Amino acid sequence: MSARVAVVGSSNLDLVVTASRLPAPGETVLGDNFRTVPGGKGANQAVAAARAGAACDFVGAVGDDDFGTRMRASLVDAGVDVRGLRTVAGPSGVALIAVDANAENFIVVAPGANGTLTELDADDRATIAAADVLLLQLEVPLPAVIRAAHWARADGTTVVLNAAPAATLPTELLDLVDVLVVNEHEAAVVAGVPSGDPPVLLDALLKLVPRVVLTLGARGAAYADRHGLRVTVPAPRIEAVDTTAAGDAFTGALAVGWAERGDAGSEDAVTASLRWACAAGAACAQRPGASTALPDRPAIDALHDATYRGAP
Ligand code: RIB
């Protein structure tokens, strides 16, 4: 039986401009291509999990505008169950994104309808209870994130929190997290420490949550837990064209790998899940856009096998 993943999170329509370089504050830069792409960290991770092979449910909110119609259709196209996706009066979430020639980006989000997701209902609870893994991010109001995590904990669903965008978090939420997924910037903000080497960040975060996955971009990913297990894996070597949603591809695939391995905390299982997630993130960075770049299972497997076959 395939893994079941529930996502409670955001959906945005991404307005994406590519340019040779990103502007400094107050500067205007002439870009080249403009595209609109369904995105949002929650929706991206739902699509990532579905393409990676999970049965996936998405709980979120879009506006009653054309953007909302398009984002709903994009999730349905990817095979995501959208019975928990509300349509509310007003504008959908929007993200302004610029991508430079080095595949780096900046992103500004106007939450729109995402900001109305303050309460969840009994149907949402049933959706979360039926999942192996609940995936959460920080682009919808914190009360909904905390409520979902409480229900997951009560009903035996593993809580994976991708603390993006970076924020300091209340103890009430941190106490409900099984696995925290962060990049180095997010790690420093959540831990309340200056940025530092991965081992320092992992130690700081293990005071708050039992398991941490630290994404390191082109350097791969690191894992640490309170049982003393530490694992580091390198990333596939690829030519990145756009890193937008690479973290979402990583997190969605990690949730699927974790669910399929029954949440096993052995070194082999963690290494396997991390490698597969790194392959998903790298495959995403090889293509432009957010949801449009998220790889399917054969693409993840191909890059995974090409990178790690024969590795111990
Ligand atoms: O993680 C990438 C996503 O962040 C984009 O799709 C954008 O919508 C923002 O939410």
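Counting starts at 1 for both ligands and their atoms, in listed order. Note that the structure is predicted; figures quoted are calculated from it, not measured.
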- prompt: Quick one: does Ala290 get an N or O within less than 3.5 Å of an N or O on ligand 1?
  reply: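 Such a contact does not occur with ligand 1.
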Measure the distance from [atom] to every protein heavy atom, then report the residue, atom name and distance (to 0.1 Å) of the closest one.
{"atom": "atom 4 (O) of ligand 1", "value": "Lys41 NZ, 3.1 Å"}
{"atom": "atom 1 (O) of ligand 1", "value": "Asp248 OD2, 2.7 Å"}
{"atom": "atom 10 (O) of ligand 1", "value": "Glu139 OE2, 2.7 Å"}
{"atom": "atom 7 (C) of ligand 1", "value": "Asp14 OD1, 3.3 Å"}

message: Given Leu138, which partner from the list Asn162, Leu161, Val190 fulfils the side-chain contact (heavy atoms from CB on, under 4.5 Å) test?
response: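 Single side-chain contact (heavy atoms from CB on, under 4.5 Å) partner of Leu138 among Asn162, Leu161, Val190: Leu161.
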query: Can Arg86 and Asp121 be said to form a salt bridge (Lys or Arg N to Asp or Glu O under 4.0 Å), step by step?
result: CA-CA 11 Å; Arg86 289 87 162 141; Asp121 61 25; 3.8 Å; yes
Pairwise side-chain contact, Val8 with Ile128, heavy-atom cut-off 4.5 Å (strictly under):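 Yes, close enough: below the 4.5 Å cut-off.
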Donor-acceptor contact present, side-chain Asn114 to main-chain Val140, <3.5 Å: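 Not confirmed, Asn114 side chain does not pair with Val140 backbone.
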Sidechain-backbone polar pair: Asp132 side chain, Arg4 backbone, donor-acceptor under 3.5 Å: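 Present.
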- prompt: Got a salt bridge between Asp268 and Arg261, using NZ or NE/NH1/NH2 to carboxylate O under 4.0 Å?
  reply: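 So Asp268 does not pair with Arg261 through a salt bridge.
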- request: For Gly39, counting its heavy atoms only, list the atoms of ligand 1 lying under 4.0 Å from any of them.
  value: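 Contacts of ligand 1 toward Gly39, numbered from 1: 6 (O), 8 (O).
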message: Within the 4.0 Å heavy-atom shell around Ala95, which atoms of ligand 1 are there?
response: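 In order of number, 7 (C), 8 (O).
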query: When you look for heavy atoms under 4.0 Å from ligand 1, do you find them on the side chain of Asn44, its backbone, both, or neither?
result: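 The side chain, only.
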message: For Ser10, state whether at least one heavy atom is located under 4.0 Å from any atom of ligand 1.
response: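 No heavy atom of Ser10 comes that close to ligand 1.
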field: Pairing residues for Asn102 by the side-chain contact (heavy atoms from CB on, under 4.5 Å) criterion, not counting sequence neighbours
entry: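 side-chain contact (heavy atoms from CB on, under 4.5 Å) check on Asn102 returns Asp100, Glu104.
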